[in-house]
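Right, one structure below, let's go through it.
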Amino acid sequence: MEIIRRDYDELPQPGGAFNHSVRWGNLLFIAGSTARGTPAEKGDIAAQTEAILEKFRHILEANGASLSNVVKVTSFVTDLREAPASSEVRRKYFAGAFPASTQVQIDALGTPDLKIEIDAIAVLPD
C-alpha cells in the first residue's frame with residue numbers, strides 16, 4: 001500500500017519536519033495540532049480545542065470522512081484542571097461517536113499561550 005503524506009493549503013503550514021496527515025490504506029494519522037495560527041491561539045482551552053477540531057474536520061472532509069471516523073485521540077494539556085472545558089467541546093464535536101482517548105499533562109507547548117495539543121487516528125470509509 002502506498003503511504004500518502006499531505007499538507008492542506010487552507011491550514012497553517014507545519015513549522016517542523018512533519019505533514020498535517022499521513023494516510024496508509026484506510027488509516028489516517030493526523031499530526032498533533034494546536035491553535036497556533038488561528039484566532040484562538042491566545043484564547044482559553046475550550047476555544048483552542050474548538051480550533052483544533054475544526055482543523056481536524058477540514059482534514060477529514062478532504063479525505064472523504066468526518067469526525068465520526070476518528071477512533072483515537074491523544075491530548076497534551078498544560079494544566080489538567082482546565083481539561084473539563086476541553087472535554088465539553090469534544091462532546092459537542094464528536095456528538096456521541098467518542099474515540100478512545102488518552103490525556104496527559106505536560107510542562108509546556110510551543111508558546112506560553114498554547115494550552116492543548118491533540119493528535120488523532122481515523123479509519124476512513126471504504
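For clarity, every value in this text was computed on a predicted model and none was experimentally measured.
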Can you tell which of V123, I4, L124 makes a side-chain contact (heavy atoms from CB on, under 4.5 Å) with L28?
L124

What distance do S75 atom OG and I118 atom CD1 have between them, rounded to the nearest 0.5 Å?
4.0 Å

Can you check whether L109 reaches K115 side chain to side chain, under 4.5 Å on heavy atoms?
no

Quick one: OG on S101 to CD on Q103, what's the gap to the nearest 0.5 Å?
6.5 Å

Gap between atom CG of L67 and atom CD1 of I59 - 0.5 Å precision
10.5 Å

Do the non-hydrogen side-chain atoms of I3 and F29 ever get within less than 4.5 Å of each other?
no

Tell me, do P125 and N69 make a side-chain contact under 4.5 Å, heavy atoms counted?
yes

Pairwise ring-ring contact (aromatic ring centres under 6.0 Å, His included) hits with a residue in residues 91-114, at least two apart:
none

For H20, run the side-chain contact (heavy atoms from CB on, under 4.5 Å) check against R5, K55, H58, Q13 and tell me which one passes.
Q13

Steps toward side chain to side chain donor-acceptor pair (under 3.5 Å) verdict (T102, K72)
CA-CA 8 Å; T102 301; K72 173 74 169 87; 2.8 Å; yes

Hey, quick one: are L53 and V73 part of the same hydrophobic cluster, counting side-chain heavy atoms closer than 4.5 Å, chains of contacts allowed?
yes

Q48 side chain to E41 backbone, donor-acceptor under 3.5 Å:
yes

Does any non-hydrogen side-chain atom of I45 lie less than 4.5 Å from one of D79?
no

Just to verify, which of D44, T34, T78, I52 counts as forming a side-chain contact (heavy atoms from CB on, under 4.5 Å) with I116?
I52

D119 and A31 have their tightest heavy-atom pair at CB-C, 3.9 Å

